[in-house]
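Both backbone and side-chain heavy atoms feed into the values below; hydrogens, waters and symmetry mates do not. As the structure is a prediction and not an experimental result, all values here were calculated from the model.
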Amino acid sequence: MGSLNAIGRRGPRPHLRALTGARFLAALHVVLYHVLAWQGTWFSAVIGTGYVSVNFFFVLSGFILAYTYGDHPIDPREFYAARVARIYPIYVLGLLLAATFFVRAHVNAHTVGLMVAQGAAVLLLVQAQVPNWSLVWSSPSWSLSVEAFFYLLFPCIAPRLLRVKRPRVWALVMWCVLMAIAGLFLRFAPPAADGSPGTAIDILRHSPVLRLPEFLIGVIAARESRTRAWAALPATLAILVALAISSSIPYVLLHHGLLDPLFVVLIVALASGGGLLGRVLSSGPFVALGEASYALYIVHVPLLLIGRAVVQAIAPSQLETAAFRAGLIGLMIAASLMAFRFVEWPLRHRLRRALGGGRLSEDVAMGEPSPAK
(Lines give C-alpha, C1' and ligand atoms only; values in the text may rest on other atoms or scores of the structure.)
Protein backbone atom coordinates (compact mmCIF):
# COMPACT_ATOMS: atom_id res chain seq x y z
CA MET A 1 0.00 0.00 0.00
CA GLY A 2 1.79 3.11 -1.18
CA SER A 3 -0.38 5.72 0.51
CA LEU A 4 -2.85 5.84 3.30
CA ASN A 5 -5.70 8.00 1.99
CA ALA A 6 -7.44 7.34 5.30
CA ILE A 7 -10.16 9.96 5.08
CA GLY A 8 -12.53 10.38 2.20
CA ARG A 9 -13.05 6.72 1.38
CA ARG A 10 -16.11 4.71 2.31
CA GLY A 11 -16.05 1.12 3.45
CA PRO A 12 -14.00 -0.89 5.91
CA ARG A 13 -10.57 0.37 6.86
CA PRO A 14 -7.57 -1.90 6.33
CA HIS A 15 -5.93 -3.35 9.42
CA LEU A 16 -2.97 -1.26 10.55
CA ARG A 17 -0.95 -4.17 11.86
CA ALA A 18 2.39 -2.37 11.75
CA LEU A 19 1.04 0.30 14.10
CA THR A 20 -0.12 -2.42 16.47
CA GLY A 21 3.44 -3.74 16.60
CA ALA A 22 4.79 -0.23 17.07
CA ARG A 23 2.55 0.20 20.10
CA PHE A 24 4.43 -2.58 21.86
CA LEU A 25 7.82 -0.96 21.25
CA ALA A 26 6.51 2.36 22.58
CA ALA A 27 5.05 0.72 25.69
CA LEU A 28 8.27 -1.24 26.24
CA HIS A 29 10.21 2.02 25.97
CA VAL A 30 8.18 3.40 28.89
CA VAL A 31 8.66 0.17 30.87
CA LEU A 32 12.44 0.21 30.44
CA TYR A 33 12.52 3.88 31.42
CA HIS A 34 10.73 3.18 34.70
CA VAL A 35 12.34 -0.12 35.59
CA LEU A 36 15.95 0.81 34.83
CA ALA A 37 15.71 4.37 36.14
CA TRP A 38 14.10 3.21 39.37
CA GLN A 39 16.90 0.76 40.01
CA GLY A 40 19.41 3.58 40.01
CA THR A 41 21.68 1.92 37.48
CA TRP A 42 23.16 3.49 34.37
CA PHE A 43 20.97 3.50 31.32
CA SER A 44 21.38 4.75 27.81
CA ALA A 45 20.11 8.11 26.70
CA VAL A 46 17.52 6.36 24.55
CA ILE A 47 16.05 4.40 27.44
CA GLY A 48 16.32 7.44 29.70
CA THR A 49 13.89 9.34 27.47
CA GLY A 50 11.09 6.79 27.69
CA TYR A 51 8.64 9.59 28.49
CA VAL A 52 8.61 10.63 24.82
CA SER A 53 6.71 7.46 23.97
CA VAL A 54 3.72 9.00 25.73
CA ASN A 55 3.90 11.79 23.14
CA PHE A 56 3.81 9.09 20.48
CA PHE A 57 0.71 7.56 22.08
CA PHE A 58 -1.11 10.91 22.19
CA VAL A 59 -0.44 11.54 18.49
CA LEU A 60 -1.34 7.94 17.62
CA SER A 61 -4.60 8.19 19.56
CA GLY A 62 -5.77 11.18 17.53
CA PHE A 63 -4.72 9.49 14.31
CA ILE A 64 -6.52 6.21 14.99
CA LEU A 65 -9.75 7.84 16.13
CA ALA A 66 -9.82 10.08 13.06
CA TYR A 67 -8.91 7.16 10.82
CA THR A 68 -11.72 5.10 12.31
CA TYR A 69 -14.49 7.68 12.65
CA GLY A 70 -13.53 10.18 9.95
CA ASP A 71 -16.15 9.14 7.39
CA HIS A 72 -18.89 8.31 9.87
CA PRO A 73 -21.30 10.60 11.67
CA ILE A 74 -20.25 10.42 15.31
CA ASP A 75 -22.97 9.58 17.79
CA PRO A 76 -21.53 11.00 21.05
CA ARG A 77 -23.35 8.46 23.22
CA GLU A 78 -22.03 5.51 21.23
CA PHE A 79 -18.57 7.04 20.99
CA TYR A 80 -18.23 7.67 24.73
CA ALA A 81 -19.60 4.23 25.53
CA ALA A 82 -17.03 2.66 23.22
CA ARG A 83 -14.22 4.68 24.83
CA VAL A 84 -15.22 3.63 28.35
CA ALA A 85 -15.40 0.01 27.24
CA ARG A 86 -11.99 0.32 25.61
CA ILE A 87 -9.99 1.80 28.48
CA TYR A 88 -11.79 1.14 31.76
CA PRO A 89 -11.36 -2.62 32.40
CA ILE A 90 -7.56 -2.54 32.33
CA TYR A 91 -7.53 0.88 33.97
CA VAL A 92 -9.40 -0.53 36.97
CA LEU A 93 -7.12 -3.59 37.02
CA GLY A 94 -4.10 -1.31 37.31
CA LEU A 95 -5.75 0.60 40.15
CA LEU A 96 -6.57 -2.62 42.01
CA LEU A 97 -2.97 -3.81 41.73
CA ALA A 98 -1.73 -0.51 43.18
CA ALA A 99 -4.52 -0.03 45.76
CA THR A 100 -2.59 -1.37 48.74
CA PHE A 101 0.27 1.08 48.22
CA PHE A 102 -2.13 4.01 47.69
CA VAL A 103 -4.19 3.28 50.81
CA ARG A 104 -1.22 2.49 53.05
CA ALA A 105 0.55 5.74 52.14
CA HIS A 106 -2.51 7.81 53.07
CA VAL A 107 -3.28 5.86 56.25
CA ASN A 108 0.31 6.21 57.44
CA ALA A 109 0.15 9.94 56.73
CA HIS A 110 -3.30 10.29 58.38
CA THR A 111 -4.79 11.79 55.23
CA VAL A 112 -7.78 9.54 54.69
CA GLY A 113 -9.98 12.45 53.59
CA LEU A 114 -7.46 13.38 50.92
CA MET A 115 -7.30 9.73 49.87
CA VAL A 116 -11.07 9.67 49.29
CA ALA A 117 -10.93 12.87 47.21
CA GLN A 118 -7.97 11.70 45.15
CA GLY A 119 -9.49 8.26 44.70
CA ALA A 120 -12.71 9.76 43.38
CA ALA A 121 -10.75 11.93 40.95
CA VAL A 122 -8.79 8.93 39.68
CA LEU A 123 -11.90 6.79 39.21
CA LEU A 124 -13.56 9.64 37.30
CA LEU A 125 -10.41 10.16 35.18
CA VAL A 126 -10.06 13.83 36.12
CA GLN A 127 -6.91 13.66 38.28
CA ALA A 128 -4.74 15.33 35.64
CA GLN A 129 -6.94 18.39 35.91
CA VAL A 130 -5.77 18.94 39.51
CA PRO A 131 -2.19 20.15 40.07
CA ASN A 132 -0.06 17.65 42.00
CA TRP A 133 -2.69 14.90 41.72
CA SER A 134 -1.71 13.53 38.32
CA LEU A 135 0.47 10.70 39.60
CA VAL A 136 -1.59 9.58 42.59
CA TRP A 137 -2.69 5.98 43.10
CA SER A 138 -1.06 4.55 39.95
CA SER A 139 1.21 6.90 38.05
CA PRO A 140 0.45 5.68 34.49
CA SER A 141 -3.19 6.67 35.05
CA TRP A 142 -2.36 10.34 34.46
CA SER A 143 -2.15 9.82 30.70
CA LEU A 144 -5.56 8.11 30.70
CA SER A 145 -6.96 11.17 32.43
CA VAL A 146 -5.49 13.27 29.62
CA GLU A 147 -6.89 10.89 27.01
CA ALA A 148 -10.34 11.11 28.63
CA PHE A 149 -10.22 14.87 28.07
CA PHE A 150 -9.31 14.29 24.42
CA TYR A 151 -12.18 11.82 24.03
CA LEU A 152 -14.61 14.31 25.53
CA LEU A 153 -13.73 16.85 22.84
CA PHE A 154 -13.28 14.53 19.87
CA PRO A 155 -16.92 14.35 18.59
CA CYS A 156 -17.02 18.16 18.46
CA ILE A 157 -13.51 18.86 17.19
CA ALA A 158 -12.82 16.06 14.72
CA PRO A 159 -15.50 16.84 12.09
CA ARG A 160 -14.17 20.38 11.82
CA LEU A 161 -10.50 19.47 11.76
CA LEU A 162 -11.01 16.80 9.12
CA ARG A 163 -12.54 19.37 6.77
CA VAL A 164 -9.78 21.97 7.00
CA LYS A 165 -7.85 22.92 3.90
CA ARG A 166 -4.07 22.56 4.00
CA PRO A 167 -3.93 20.03 6.83
CA ARG A 168 -0.13 20.12 6.88
CA VAL A 169 -0.23 23.83 7.65
CA TRP A 170 -2.68 23.25 10.49
CA ALA A 171 -0.53 20.44 11.90
CA LEU A 172 2.50 22.74 11.76
CA VAL A 173 0.54 25.44 13.58
CA MET A 174 -0.39 22.96 16.32
CA TRP A 175 3.24 21.92 16.69
CA CYS A 176 4.34 25.57 16.87
CA VAL A 177 1.79 26.10 19.64
CA LEU A 178 3.32 23.19 21.55
CA MET A 179 6.81 24.59 21.15
CA ALA A 180 5.68 28.10 22.12
CA ILE A 181 4.07 26.77 25.31
CA ALA A 182 7.17 24.75 26.15
CA GLY A 183 9.38 27.78 25.43
CA LEU A 184 7.38 29.96 27.80
CA PHE A 185 7.69 27.40 30.58
CA LEU A 186 11.37 26.98 29.85
CA ARG A 187 11.87 30.73 30.13
CA PHE A 188 9.65 31.59 33.06
CA ALA A 189 9.37 28.33 35.04
CA PRO A 190 12.89 26.98 35.56
CA PRO A 191 13.54 23.84 37.62
CA ALA A 192 13.36 24.01 41.40
CA ALA A 193 16.48 24.63 43.45
CA ASP A 194 16.92 20.91 44.15
CA GLY A 195 16.95 20.16 40.43
CA SER A 196 13.41 18.77 40.31
CA PRO A 197 11.11 20.06 37.55
CA GLY A 198 8.97 22.12 39.95
CA THR A 199 5.20 22.52 40.11
CA ALA A 200 4.93 24.64 36.96
CA ILE A 201 6.77 22.11 34.81
CA ASP A 202 4.71 19.35 36.39
CA ILE A 203 1.57 21.14 35.20
CA LEU A 204 3.06 21.43 31.72
CA ARG A 205 3.79 17.70 31.63
CA HIS A 206 0.34 16.56 32.75
CA SER A 207 -2.19 19.25 31.84
CA PRO A 208 -4.82 17.91 29.39
CA VAL A 209 -5.32 21.38 27.90
CA LEU A 210 -1.61 21.93 27.29
CA ARG A 211 -1.21 18.44 25.77
CA LEU A 212 -4.27 18.80 23.50
CA PRO A 213 -2.31 20.04 20.42
CA GLU A 214 -0.51 16.68 20.26
CA PHE A 215 -3.79 14.83 19.96
CA LEU A 216 -5.02 17.31 17.35
CA ILE A 217 -1.85 16.79 15.32
CA GLY A 218 -2.71 13.10 15.22
CA VAL A 219 -6.28 13.83 14.11
CA ILE A 220 -5.04 16.04 11.29
CA ALA A 221 -2.41 13.47 10.30
CA ALA A 222 -5.18 11.07 9.31
CA ARG A 223 -5.72 13.36 6.30
CA GLU A 224 -2.18 12.74 5.12
CA SER A 225 -1.75 10.47 2.09
CA ARG A 226 1.59 11.48 0.65
CA THR A 227 4.04 9.92 3.12
CA ARG A 228 5.73 6.93 1.51
CA ALA A 229 5.89 3.62 3.32
CA TRP A 230 9.68 3.52 3.13
CA ALA A 231 9.83 6.70 5.28
CA ALA A 232 9.13 4.63 8.40
CA LEU A 233 12.72 3.46 8.76
CA PRO A 234 14.38 6.90 8.27
CA ALA A 235 11.87 8.44 10.69
CA THR A 236 12.70 5.78 13.29
CA LEU A 237 16.43 6.35 12.87
CA ALA A 238 15.94 10.11 13.20
CA ILE A 239 13.97 9.59 16.43
CA LEU A 240 16.69 7.34 17.84
CA VAL A 241 19.39 9.88 16.98
CA ALA A 242 17.42 12.64 18.70
CA LEU A 243 17.00 10.49 21.81
CA ALA A 244 20.68 9.55 21.80
CA ILE A 245 21.65 13.25 21.96
CA SER A 246 18.82 14.13 24.36
CA SER A 247 21.24 15.42 26.98
CA SER A 248 21.84 18.43 24.73
CA ILE A 249 18.11 19.09 24.18
CA PRO A 250 16.10 21.00 26.80
CA TYR A 251 13.97 18.51 28.72
CA VAL A 252 10.86 20.70 28.47
CA LEU A 253 11.00 20.81 24.66
CA LEU A 254 11.59 17.10 24.32
CA HIS A 255 8.85 16.24 26.78
CA HIS A 256 6.33 18.58 25.18
CA GLY A 257 6.30 17.34 21.62
CA LEU A 258 9.56 18.31 19.93
CA LEU A 259 9.62 14.96 18.11
CA ASP A 260 5.93 14.96 17.15
CA PRO A 261 6.61 15.73 13.45
CA LEU A 262 8.80 12.62 13.28
CA PHE A 263 6.10 10.63 15.04
CA VAL A 264 3.58 11.76 12.42
CA VAL A 265 5.86 10.64 9.59
CA LEU A 266 6.41 7.29 11.33
CA ILE A 267 2.71 6.71 12.04
CA VAL A 268 1.51 7.60 8.57
CA ALA A 269 4.30 5.60 6.93
CA LEU A 270 3.50 2.54 9.04
CA ALA A 271 -0.19 2.96 8.27
CA SER A 272 0.80 2.95 4.61
CA GLY A 273 2.61 -0.37 5.01
CA GLY A 274 5.89 0.76 6.52
CA GLY A 275 8.25 -0.96 4.08
CA LEU A 276 10.75 -3.35 5.67
CA LEU A 277 10.10 -2.00 9.17
CA GLY A 278 6.37 -2.35 8.65
CA ARG A 279 6.75 -5.99 7.62
CA VAL A 280 8.67 -6.74 10.80
CA LEU A 281 6.16 -4.96 13.03
CA SER A 282 3.26 -6.66 11.22
CA SER A 283 4.55 -10.11 12.11
CA GLY A 284 2.51 -12.30 14.42
CA PRO A 285 4.62 -11.91 17.59
CA PHE A 286 4.74 -8.11 17.34
CA VAL A 287 1.00 -7.89 16.67
CA ALA A 288 0.24 -10.13 19.65
CA LEU A 289 2.45 -8.03 21.90
CA GLY A 290 1.00 -4.83 20.43
CA GLU A 291 -2.52 -5.95 21.26
CA ALA A 292 -1.43 -6.21 24.91
CA SER A 293 0.53 -2.94 24.89
CA TYR A 294 -2.18 -0.93 26.66
CA ALA A 295 -2.28 -3.51 29.44
CA LEU A 296 1.54 -3.45 29.62
CA TYR A 297 1.54 0.32 29.97
CA ILE A 298 -1.10 0.33 32.72
CA VAL A 299 0.05 -2.60 34.88
CA HIS A 300 3.82 -2.26 34.71
CA VAL A 301 4.19 0.31 37.51
CA PRO A 302 1.89 -1.55 39.96
CA LEU A 303 3.81 -4.76 39.17
CA LEU A 304 7.06 -2.90 39.73
CA LEU A 305 5.85 -1.82 43.18
CA ILE A 306 4.71 -5.34 44.01
CA GLY A 307 7.89 -6.95 42.70
CA ARG A 308 10.12 -4.61 44.67
CA ALA A 309 8.07 -5.14 47.86
CA VAL A 310 8.26 -8.92 47.55
CA VAL A 311 11.98 -9.02 46.82
CA GLN A 312 12.66 -6.47 49.56
CA ALA A 313 10.97 -8.81 52.01
CA ILE A 314 12.67 -12.07 50.98
CA ALA A 315 15.96 -11.16 49.25
CA PRO A 316 16.76 -7.44 49.43
CA SER A 317 20.24 -7.96 48.01
CA GLN A 318 18.67 -8.87 44.66
CA LEU A 319 16.86 -5.56 44.18
CA GLU A 320 19.64 -3.95 42.18
CA THR A 321 20.60 -6.97 40.09
CA ALA A 322 20.16 -7.30 36.35
CA ALA A 323 18.48 -10.66 36.88
CA PHE A 324 15.74 -9.08 39.00
CA ARG A 325 15.12 -6.34 36.46
CA ALA A 326 15.07 -8.75 33.51
CA GLY A 327 12.74 -11.11 35.35
CA LEU A 328 10.44 -8.26 36.29
CA ILE A 329 10.21 -7.04 32.70
CA GLY A 330 9.44 -10.57 31.53
CA LEU A 331 6.75 -10.85 34.20
CA MET A 332 5.22 -7.55 33.10
CA ILE A 333 5.03 -8.67 29.46
CA ALA A 334 3.55 -12.05 30.39
CA ALA A 335 1.02 -10.42 32.71
CA SER A 336 -0.01 -7.95 30.00
CA LEU A 337 -0.69 -10.78 27.56
CA MET A 338 -2.85 -12.54 30.12
CA ALA A 339 -4.63 -9.31 31.06
CA PHE A 340 -5.46 -8.65 27.43
CA ARG A 341 -6.73 -12.18 26.87
CA PHE A 342 -8.75 -12.64 30.04
CA VAL A 343 -9.69 -9.11 31.13
CA GLU A 344 -9.39 -6.43 28.47
CA TRP A 345 -10.74 -8.24 25.42
CA PRO A 346 -13.81 -9.98 26.91
CA LEU A 347 -14.84 -7.09 29.18
CA ARG A 348 -14.37 -4.53 26.44
CA HIS A 349 -17.01 -6.13 24.25
CA ARG A 350 -19.37 -6.89 27.09
CA LEU A 351 -19.20 -3.30 28.26
CA ARG A 352 -19.65 -1.95 24.75
CA ARG A 353 -22.81 -3.98 24.29
CA ALA A 354 -24.09 -3.06 27.75
CA LEU A 355 -23.44 0.65 27.26
CA GLY A 356 -24.70 0.77 23.68
CA GLY A 357 -21.30 1.54 22.19
CA GLY A 358 -22.05 -0.12 18.86
CA ARG A 359 -19.56 -2.01 16.72
CA LEU A 360 -17.39 0.80 15.41
CA SER A 361 -14.12 1.22 17.26
CA GLU A 362 -10.42 1.31 16.57
CA ASP A 363 -10.15 -2.45 17.07
CA VAL A 364 -10.29 -3.20 13.36
CA ALA A 365 -8.00 -0.33 12.43
CA MET A 366 -5.35 -1.56 14.83
CA GLY A 367 -5.50 -5.06 13.43
CA GLU A 368 -6.88 -6.68 16.55
CA PRO A 369 -8.78 -9.96 16.21
CA SER A 370 -12.52 -10.09 15.93
CA PRO A 371 -14.52 -11.68 18.76
CA ALA A 372 -15.18 -14.71 16.53
CA LYS A 373 -11.48 -15.57 16.24
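- Residues P346 and F340 approach most closely at CD-O, 4.0 Å, considering heavy atoms.
- By the 4.5 Å heavy-atom criterion applied to side chains, L178 and I217 are counted as neighbours.
- Within the model, atoms CG of L186 and CD1 of I181 stand 13.5 Å from one another, a figure rounded to the nearest 0.5 Å.
- Here the side chains of R83 and L65 are in contact, with some heavy-atom distance below 4.5 Å.
- Of the residues listed (S143, S336, S53), the one engaging Y297 in a side-chain hydrogen bond (donor to acceptor under 3.5 Å, both in side chains) is S143, and it is the only one.
- Annotation: the span from L305 atom CG to S138 atom OG amounts to 7.5 Å, rounded to 0.5 Å.
- Residue pairs meeting the salt bridge (charged side-chain N to carboxylate O under 4.0 Å, His left out) criterion with at least one partner in residues 206-221, sequence neighbours excluded, are R211-E214.
- Atom CG of L125 is separated from atom CD of E147 by 10.5 Å, given to the nearest 0.5 angstrom.
- Taking the six-membered ring wherever Trp is involved, the centroid distance between the rings of F150 and F58 falls below 6.0 Å.
- You'll find the side chain of V84 stays beyond 4.5 Å of the side chain of F79, heavy atoms only.
- Residues F63 and L16 form a side-chain contact, since some pair of their non-hydrogen atoms from C-beta on lies under 4.5 Å apart.
- Side-chain contact check for V31 versus H300: some heavy-atom pair is nearer than 4.5 Å.
- Taking CZ of F185 as the reference point, atom CG of L204 lies at 5.0 Å (rounded to 0.5 Å).
- Side chain to side chain, S282 and R17 fail the donor-acceptor criterion of an N or O pair below 3.5 Å.
- Note: the hydrophobic cluster containing L331 does not contain M338 (ILVMFWY, side chain heavy atoms under 4.5 Å, direct or indirect links).
- Between the CG atom in L304 and the CZ atom in R308 there is a gap of 6.5 Å [rounded to 0.5 Å].
- Of all the heavy atoms in V46 and A244, the pair that sits closest is CG2-N, 4.0 Å.
- Both W137 and V112 belong to a common hydrophobic cluster when Ile, Leu, Val, Met, Phe, Trp and Tyr are linked at side-chain heavy-atom distances under 4.5 angstrom.
- Under a hydrophobic-cluster definition in which Ile, Leu, Val, Met, Phe, Trp and Tyr are linked whenever side-chain heavy atoms come within less than 4.5 Å, directly or via other members, L144 and L347 are assigned to the same cluster.
- When all heavy atoms are compared, the tightest approach of V164 to R223 is O-NH1, 2.8 Å.
- Counting heavy atoms from C-beta outward, I333 and F24 have side chains that approach closer than 4.5 Å.
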Enumerate, atom names and distances included, each donor-acceptor pair closer than 3.5 Å involving a side-chain atom of residues 90-102, sequence neighbours excluded.
| residue | atom | partner | partner atom | Å |
| --- | --- | --- | --- | --- |
| Y91 | OH | V122 | O | 2.6 |
| Y91 | OH | Q127 | NE2 | 3.3 |

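- The two atoms that bring L60 and R23 nearest to each other are CD2-CG, 3.6 Å, heavy atoms only.
- In summary, the aromatic rings of F154 and Y80 are positioned with their centroids too far apart to meet the 6.0 Å limit.
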Task: Stepwise side-chain contact (heavy atoms from CB on, under 4.5 Å) test for F215 and F149 - done: CA-CA 10 Å; F215 177 77; F149 177 75; over 6 Å; no
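- Scanning both residues, I201 and Y251, for their nearest heavy atoms gives CG2-CE2, 4.4 Å.
- Linking Ile, Leu, Val, Met, Phe, Trp and Tyr whenever their side-chain heavy atoms come within less than 4.5 Å puts L240 and V30 in one cluster.
- Rounded to the nearest 0.5 angstrom, S293 OG and F286 CZ are separated by 12.5 Å.
- Contact check for L351 versus P89: side-chain heavy atoms found under the 4.5 Å cut-off.
- Side chain of T236 to main chain of A232: a donor-acceptor pair is present (N/O by atom type, distance under 3.5 Å, no hydrogens or angles).
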Task: Stepwise side-chain contact (heavy atoms from CB on, under 4.5 Å) check, L25 with L281 - done: CA-CA 9 Å; L25 293 182; L281 294 177; 3.7 Å; yes
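- No donor-acceptor pair under 3.5 Å is formed between the side chain of T49 and the backbone N or O of V52.
- A182 and V252 get closest at one heavy-atom pair: O-CG1, 3.4 Å.
- One hydrophobic cluster, built from ILVMFWY side chains closer than 4.5 Å, holds both L172 and W170.
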Open item on the list: The test is side-chain contact (heavy atoms from CB on, under 4.5 Å); show your working for I220 and R168 and say whether it passes.
Closed with: CA-CA 8 Å; I220 296 170; R168 288 189 176 188; over 6 Å; no
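- A salt bridge links R86 with E344: the closest approach of a Lys/Arg side-chain nitrogen to an acidic carboxylate oxygen falls below 4.0 angstrom.
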Side chains of residues 254-268: which donor-acceptor partners sit under 3.5 Å, not counting sequence neighbours?
| residue | atom | partner | partner atom | Å |
| --- | --- | --- | --- | --- |
| H256 | NE2 | L210 | O | 3.3 |

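- Residues I87 and Y294 form a side-chain contact, since some pair of their non-hydrogen atoms from C-beta on lies under 4.5 Å apart.
- Considering W133, W142, Y51 as possible partners of H206, the one that fulfils the ring-ring contact (aromatic ring centres under 6.0 Å, His included) test is W142.
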